Amino acid sequence: LNSVSFDDIEYQKSNMIIVANEEITITGTNSPGWNGFTEGNIAFGVFIEGRNIKLSPFAMGKYEVTQELYQAVMTDNPSNFNTDNNLPVEKVSWYKIIAFCNSLSGKMNYEKVYFSDEDKTTPYTLEDANSNRTVYMDISKNGYRLPTEAEWEYAARFDINNDNWNYSYSGINTSLETIDWSTNTDSSIDYVGWYSGNASSTTHIVGQNRPNGLGLFDMTGNVWELCWDPVSSMTEKTVTEYDNLYSKDGYIYNPQGGNQSNCTMRVRRGGGFNESAYMQTVLYRKQTDYDYSTSYNTGFRLCRSIVNIF
């Protein structure tokens, strides 16, 4: 899909990639300890054995959201590493990301996805974000939004040219036995992402390494990427804890996590420039507070539902 363009300016590094152009079904297969990795109960992703998920058509940002685009929409740049406009934006709260998505949707004349009322009639604003107001999502709208965790993992793992999607890292199929556990490094990551073993303690301009099979860059490392899903904690239970909200005919349709009123955390995925090798894997899950505006290793990637998208 085309780059973002408004006010007579086209923003580079803002293209979207169609991940699924029709409804897809993912049959859960992997279990804890998949591919030799046994880092507790947060390392086996969301497509676990016995959990069959259906995802509606969606597109995802080819790159992590850059400081250039964020500042053009929100007029400020909160990032710690700010020497280049094409570095990923970071140090931004989850709530302000929601306001950014709605603002960008408005500039592009798309439907807004996020609302401040349960009836989903009042679009979420920056004023709402500044007061950490509860957010309600309508995933059927075609505007910009955060990916759900299931969408993120599907996009990270999938290789359009290879039926085997059990990659250790997004974009490279290598056994985790290549990790040097004494230093928590893995030279195979160098091809696809920035992490503690090669990033020199800083973020990097998006899109410099090899993309994954869908053409998505930096799904491994650089900055952690926030997702929509609310969770109460990051344990094995939280993968399926709220499936009853989305279950029908033996499938889980577009799972989106729990109720924001009783979930104090949000999911982030993909690892970051200052994290060890095992945290960069496509299966590693981590949580964060809603108002996570002090972290210079966490950013986000845009997503859109394919509903009247063209």
Side-chain angles (χ1 to χ4, degrees), residues 1-5 13-29 45-48 51-65 97-98 100-102 104-115 120 123 135-165 167 170-171 211-219 225-230 239 242-243 245-257 267 269-270 282 300-310:
L1 301 180
N2 293 334
S3 301
V4 169
S5 179
K13 311 287 187 182
S14 62
N15 310 66
M16 304 285 285
I17 297 288
I18 294 176
V19 178
N21 58 11
E22 60 184 2
E23 184 180 78
I24 53 176
T25 301
I26 305 100
T27 302
T29 56
V46 299
F47 300 115
I48 59 176
R51 190 183 194 223
N52 301 318
I53 293 176
K54 286 185 179 288
L55 296 177
S56 298
F58 70 100
M60 188 171 286
K62 186 174 182 178
Y63 308 97
E64 295 165 331
V65 171
I97 292 171
I98 297 302
F100 165 87
C101 289
N102 267 5
L104 182 57
S105 294
K107 288 180 179 295
M108 295 293 290
N109 296 316
Y110 299 149
E111 298 168 327
K112 294 181 179 179
V113 175
Y114 298 118
F115 302 87
K120 301 176 184 176
V135 187
Y136 300 91
M137 177 174 68
D138 185 348
I139 201 171
S140 71
K141 303 298 185 184
N142 70 7
Y144 292 103
R145 60 179 176 84
L146 288 172
T148 66
E149 184 180 18
E151 288 172 331
W152 189 96
E153 186 176 317
Y154 179 81
R157 296 175 64 178
F158 186 73
D159 186 342
I160 198 169
N161 298 312
N162 191 334
D163 291 336
N164 176 17
W165 73 328
Y167 285 12
S170 184
N212 75 354
L214 284 170
L216 302 173
F217 290 86
D218 297 307
M219 296 292 279
E225 298 180 13
L226 284 162
C227 297
W228 161 260
D229 303 47
V239 176
Y242 306 105
D243 280 358
L245 300 175
Y246 313 103
S247 298
K248 181 181 178 182
D249 301 327
Y251 293 96
I252 315 301
Y253 286 80
N254 296 315
Q256 300 163 35
V267 173
R269 298 293 298 267
V282 293
F300 65 105
R301 185 183 301 264
L302 292 171
C303 189
R304 289 181 66 197
S305 298
I306 301 183
V307 184
N308 301 320
I309 198 170
F310 299 105

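In this text, all values refer to a predicted model and were calculated from it rather than measured experimentally. We're numbering straight along the sequence, starting at 1.
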What residues form a side-chain contact (heavy atoms from CB on, under 4.5 Å) with Lys62, not counting sequence neighbours?
Asn15, Ile17, Phe217
So, the side chain of Asn102 versus the backbone of Lys112: is there a donor-acceptor pair under 3.5 Å, distance only?
no
Under 3.5 Å, is there a donor-acceptor pair between the Ser305 and Arg145 side chains?
yes
Go through the steps for Tyr154 and Phe47 under the test side-chain contact (heavy atoms from CB on, under 4.5 Å), then give the verdict.
CA-CA 9 Å; Tyr154 179 81; Phe47 300 115; 4.0 Å; yes
Identify whether NZ of Lys or CZ of Arg in Arg301 sits under 6.0 Å from the centre of the six-membered ring of Tyr63 and within 45° of that ring's axis.
no
Restricting to non-hydrogen atoms, name the atom on Lys120 and the atom on Asp138 that form the minimum distance, rounded to 0.1 Å.
CD-CB, 4.1 Å
Quick one: OH on Tyr253 to OG on Ser247, what's the gap to the nearest 0.5 Å?
10.0 Å
Assess whether side-chain contact (heavy atoms from CB on, under 4.5 Å) is satisfied between Val4 and Tyr144, documenting all intermediate values.
CA-CA 11 Å; Val4 169; Tyr144 292 103; 3.4 Å; yes
Please check if the side chain of Asp243 supplies one atom and the backbone of Ile252 the other of a donor-acceptor pair under 3.5 Å.
no
CH2 on Trp152 to CG on Asp229, rounded to 0.5 Å
12.5 Å
Please name the pair of heavy atoms, one in Ile48 and one in Gly45, separated by the smallest distance, quoted to 0.1 Å.
CG2-O, 3.7 Å
From CE (Met108) to OG (Ser14), nearest 0.5 Å
7.5 Å
d(Tyr114 OH, Ile139 CD1) to nearest 0.5 Å is 8.5 Å
For the atom pair CH2 (Trp228) and CD (Gln256), what is the distance rounded to the nearest 0.5 Å?
7.5 Å
Let me see the working for Val307 and Lys141 under side-chain contact (heavy atoms from CB on, under 4.5 Å), right down to the final yes or no.
CA-CA 7 Å; Val307 184; Lys141 303 298 185 184; over 6 Å; no
Residues two or more places apart in sequence or in another chain: which of them pass salt bridge (charged side-chain N to carboxylate O under 4.0 Å, His left out) with Arg269?
Glu149, Glu153
Residue pair Leu216 / Pro211, side-chain heavy-atom distance below 4.5 Å
no
Please answer whether the main-chain N or O of Thr148 pairs with a side-chain N or O of Asn254 as donor and acceptor at a distance below 3.5 Å.
no
Would you compute the distance between atom CG of Leu302 and atom CD of Glu225 and round it to the nearest 0.5 angstrom?
10.0 Å
Please check if atom OH in Tyr251 has more than 12 non-hydrogen atoms from other residues, nucleotides or ligands closer than 6.0 Å.
no
Pro147 and Met60 have their tightest heavy-atom pair at CB-CE, 3.6 Å
Specify the closest pair of heavy atoms between Asn212 and Ala155, including all atoms of both residues, with the distance to one decimal.
ND2-O, 2.9 Å
Return the minimal non-hydrogen interatomic distance between Leu146 and Cys101, and the atom names on each side.
N-SG, 4.2 Å
